[in-house]
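Numbers restart at 1 for each chain; the letters A, B, ... are given by sequence-line order, proteins then strands.
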Number of protein chains: 2
Amino acid sequence: MELPEAKEKFIEAWGKLGSEWGINRTMAQVHALLLISPEALTTEEIMITLSISRGNANMTLRELIGWGLVQKQHKAGERKEYFFADKDTWNIARQVAKERRKRELDPVIKILDELSKVEGDTTDPEFMTFTKSVKDINKLAKNVDKTLDTMLKAEENWFWGSIFKIFK
Amino acid sequence: MELPEAKEKFIEAWGKLGSEWGINRTMAQVHALLLISPEALTTEEIMITLSISRGNANMTLRELIGWGLVQKQHKAGERKEYFFADKDTWNIARQVAKERRKRELDPVIKILDELSKVEGDTTDPEFMTFTKSVKDINKLAKNVDKTLDTMLKAEENWFWGSIFKIFK
DNA sequence: TTTAACTTTCAAATATTACTGAAAGTTTAT
DNA sequence: ATAAACTTTCAGTAATATTTGAAAGTTAAA
């Protein structure tokens, strides 16, 4: 397999993986493209390479910046904005975990906390099954939350720090 | 908040979380409904409670069974099939991790392995950035894969076993 | 073997999500 | 102040994913 074909496959695979995990395909593809680019790219270059519109490229790049996965770069004497991706896989994983925790896990925990408070007839199986499940899931969610929090600060923690060195 | 309202909210929240993570909303909702049901339910009951069609209910239930999250139950002297969900959160998490690894992580690792083999000019920054990124991601993916594998067998392993007791 | 209860299938309809592109907005150089 | 270079917005369009429902298929009792 030659490099150009390999690049395409990589972008495609990353896009597919993203879409299976609730990240919009194009966003994942732009990210993939930047991951394998030695130089920062312009909106123009991204548009052309991926055959996407200006609007799409722009929105996607802004979102990637919002996720902390991509940064702008300004070249001296140029008006154009250049974009590049952090290439440290560990940082990428951390960023994604951080954002998704904030956007999705935290709101669910808030609801589960509410639902844990519901009171009812403790002899009613309907009620008992409900509270049991809600409380169990709440507990799991909170443990995941706490663990993520620790992981995200792993560098400061001897225990997780040493576990996650394995991943790097 | 009263129980019926709480149930609705739970089903809604679970459905939303599912869809944010690439699991079809209805599937997550049916799962939620079964999670909070003390008794196994029929297709009919599920259809009515969630206002979904027979076809949808049937497909969704089969998929949930495929994920190992739901099981059929046959009641003596009845033709109807009843469905119930495993309510152990740890099992649920394990099943989901297991399925997604098989369906999504494994195929990506296969592609990354292919792409790691691509050869090229080691003085070409395009090539070098490509292989570096692919190899880094491949390494991370494989570590995640290995860790999941170990986790899924956690019960047999003193180290992870003791870590994951915390989650229960 | 017939029938009725029940389950499964799948083409078409609907709903959801993503994308386009032209126009409006912004910034910087002259 | 003007113009050129560039970025952002968003209404309309397109693509994708999900759902419906009626027909076909299956099973078990009589």
Side-chain angles (χ1 to χ4, degrees), chain A residues 11-34 40-67 70-84 100 103-104, chain B residues 11-34 40-67 70-84 100 103-104:
Chain A
I11 291 168
E12 202 187 313
W14 206 237
K16 189 165 173 242
L17 188 65
S19 68
E20 285 166 341
W21 285 86
I23 285 156
N24 148 337
R25 211 186 81 246
T26 303
M27 186 169 151
Q29 288 185 335
V30 171
H31 185 226
L33 174 62
L34 291 175
L41 303 177
T42 62
T43 304
E44 207 73 19
E45 291 170 307
I46 293 167
M47 282 168 58
I48 292 168
T49 313
L50 300 178
S51 310
I52 62 175
S53 71
R54 186 173 299 285
N56 195 7
N58 182 264
M59 287 207 339
T60 298
L61 283 166
R62 275 187 303 126
E63 250 200 290
L64 282 168
I65 291 170
W67 279 68
V70 164
Q71 282 177 261
K72 285 188 188 180
Q73 189 173 72
H74 287 284
K75 293 201 181 177
E78 293 216 42
R79 285 286 302 279
K80 272 198 285 274
E81 288 177 336
Y82 287 78
F83 301 91
F84 70 99
R100 300 204 78 158
R103 294 172 192 217
E104 293 142 21
Chain B
I11 291 168
E12 201 187 314
W14 206 237
K16 188 166 173 239
L17 188 65
S19 68
E20 285 165 341
W21 286 87
I23 286 156
N24 149 338
R25 213 185 81 247
T26 303
M27 185 170 149
Q29 288 185 337
V30 171
H31 185 226
L33 174 61
L34 291 175
L41 302 178
T42 61
T43 305
E44 207 72 18
E45 291 169 309
I46 293 167
M47 283 169 57
I48 292 167
T49 312
L50 300 178
S51 311
I52 61 175
S53 72
R54 184 172 301 284
N56 195 5
N58 182 264
M59 288 206 341
T60 298
L61 283 166
R62 273 187 305 125
E63 251 199 289
L64 282 167
I65 291 169
W67 278 68
V70 163
Q71 283 176 260
K72 283 188 188 180
Q73 189 172 74
H74 287 282
K75 294 201 179 175
E78 294 216 39
R79 287 285 301 277
K80 273 198 285 271
E81 289 177 335
Y82 287 76
F83 300 91
F84 69 100
R100 301 205 76 157
R103 294 171 193 218
E104 293 143 20

Next item on the list: Could you grab the distance from atom CG of A:L61 to atom OG1 of A:T43, nearest 0.5 Å is fine?
Entry: 5.5 Å
Can you name the closest pair of heavy atoms from [X] and [Y] and give their distance?
X	Y	answer
B:V70	B:F83	CG1-CB, 4.1 Å
B:A28	B:G18	CB-CA, 4.2 Å
A:A32	A:W14	CB-CD1, 3.5 Å

Margin query: Applying side-chain contact (heavy atoms from CB on, under 4.5 Å), can you list everything that pairs with B:A40, at least two apart in sequence or on another chain?
Written below: B:Q73, B:Y82, B:F84
Next item on the list: Using five pairs at either end of the helix from C:dT1-D:dA30 to C:dT30-D:dA1, determine the angle between the two local helix axes and round it to 10 degrees.
Entry: 10°
Next item on the list: May I ask you to list the residues of residues 54-62 of chain A, by number, that have any heavy atom positioned under 4.0 Å from an atom of DNA chain D?
Entry: A:R54, A:G55, A:N58, A:R62
Item checked: Members of residues 11-25 of chain B that approach DNA chain D, where some heavy atom sits under 4.0 Å away -> B:N24
Next item on the list: Could you pull out all residues at least two apart from B:R103 that satisfy side-chain hydrogen bond (donor to acceptor under 3.5 Å, both in side chains)?
Entry: B:E99
Item checked: Test side-chain hydrogen bond (donor to acceptor under 3.5 Å, both in side chains) applied to B:T42 - qualifying residues, sequence neighbours left out -> B:E45
Check: Can you give the first and last nucleotides of DNA chain C, 5' to 3', that have an atom under 4.0 Å from a heavy atom of chain A?
Finding: C:dA18 to C:dT28
Between protein and nucleic acid, restricted to nucleotides 26-30 of chain D and to nitrogen or oxygen atoms under 3.5 Å apart, what atom pairs and distances do you find?
| from | atom 1 | to | atom 2 | distance (Å) |
| --- | --- | --- | --- | --- |
| D:dT27 | O2 | B:R79 | NH2 | 2.8 |

Next item on the list: List for me each residue that meets salt bridge (Lys or Arg N to Asp or Glu O under 4.0 Å) alongside A:K72, sequence neighbours excluded, and say none if there are none.
Entry: A:E81
Margin query: Applying side-chain hydrogen bond (donor to acceptor under 3.5 Å, both in side chains) as the test, list every pair that has at least one member in residues 53-65 of chain B; sequence neighbours left out.
Written below: B:E44-B:R54, B:N56-B:T60, B:N58-B:R62
Next item on the list: Can you tell me which residue pairs pass the side-chain hydrogen bond (donor to acceptor under 3.5 Å, both in side chains) test with a partner in residues 18-30 of chain A, sequence neighbours excluded?
Entry: A:W21-B:E104
Next item on the list: Check step by step if side chain to side chain contact (heavy atoms under 4.5 Å, CB included) holds for B:M27 and B:W67.
Entry: CA-CA 11 Å; B:M27 185 170 149; B:W67 278 68; 3.4 Å; yes
Check: Residues from residues 40-48 of chain A sitting under 4.0 Å of DNA chain C, heavy atoms only?
Finding: none
Notebook entry, point to check: Do the side chains of B:I48 and B:L41 get nearer than 4.5 Å, heavy atoms only?
Noted result: no
